[in-house]
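Sequential numbering from 1 along the given sequence is applied to the chain's residues.
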Amino acid sequence: MLDFTISSNSFEDMSSLPMEQVLNMHGCTGKNISPDLKWENAPLNTKEFALIVHDPDAPVPNGWYHWIVLKIPATVTSFSKGIKISSPMREAKTSFTDVFGYGGACPPIGHGVHHYNFVIYALDTLLDSSLAEKKPTEIEAAVKSRSIKSAKITALYQR
């Protein structure tokens with residue numbers, strides 16, 4: 001069986017995140033556009049997907065959650081650049097208080113290279129929509145508990 005993978009035309013794994021995907025506030029001057037993503041070879045018993053974008057290097061407890069998309073149908077295998085998430089998919093709470101949906105990279109100046117992990121989870125069950133209202137750490141724990149396989153691509157960025 002082929003490996004479950006995630007890729008992007010916007011950046012390669014372990015390469016710099018383009019300015020297009022960097023936040024445009026808090027002193028950052030990007031465009032805050034989500035990258036295109038494509039995932040392949042999900043397990044046959046996948047019921048739905050969840051996407052979590054996380055920066056473990058952020059200087060806050062549990063890192064920084066930049067984007068969480070739940071309820072992605074098993075028939076969806078890609079996101080176009082700048083996608084507008086629509087039903088049945090749901091964007092969940094992230095670490096931002098003033099950004100809904102995708103929130104691009106904007107680490108503290110001089111804090112070194114940050115890793116932005118884009119992880120797609122293949123789930124063995126349909127998640128309850130109310131999960132989107134939970135804290136990001138609770139969402140991630142619930143997603144991981146139902147994950148049968150995951151794939152990751154990492155972008156790097158520093159200021």
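- Among residues two or more places apart in sequence or in another chain, the side chain to side chain contact (heavy atoms under 4.5 Å, CB included) test is passed with Glu12 by Ser15.
- The side-chain hydrogen bond (donor to acceptor under 3.5 Å, both in side chains) search around Ser150 returns none, not counting sequence neighbours.
- Under the salt bridge (charged side-chain N to carboxylate O under 4.0 Å, His left out) criterion, Glu133 pairs with Arg90, not counting sequence neighbours.
- Phe79 pairs by the ring-ring contact (aromatic ring centres under 6.0 Å, His included) definition with Trp39, Trp67, not counting sequence neighbours.
- Under the salt bridge (Lys or Arg N to Asp or Glu O under 4.0 Å) criterion, the residue pairs touching residues 50-72 are Glu48-Lys71, with sequence neighbours excluded.
- In this structure, the side-chain hydrogen bond (donor to acceptor under 3.5 Å, both in side chains) partners of Asp128, at least two apart in sequence or on a different chain, are Ser130.
- Tyr116 meets the ring-ring contact (aromatic ring centres under 6.0 Å, His included) test with His66; sequence neighbours excluded.
- Taking Thr154 as the reference, Asn117 meet the side-chain hydrogen bond (donor to acceptor under 3.5 Å, both in side chains) condition, with sequence neighbours excluded.
- Scored by the salt bridge (charged side-chain N to carboxylate O under 4.0 Å, His left out) test, Lys38 finds Glu40 as partners (sequence neighbours excluded).
- Residues that satisfy the side-chain hydrogen bond (donor to acceptor under 3.5 Å, both in side chains) test with Lys81, not counting sequence neighbours, are Glu20.
- Glu140 is linked by a salt bridge (charged side-chain N to carboxylate O under 4.0 Å, His left out) to Lys144, counting only residues two or more places apart in sequence or in another chain.
- Taking the side chain to side chain contact (heavy atoms under 4.5 Å, CB included) definition, one finds that Asp124 meets it with Arg146, Ile148, sequence neighbours left out.
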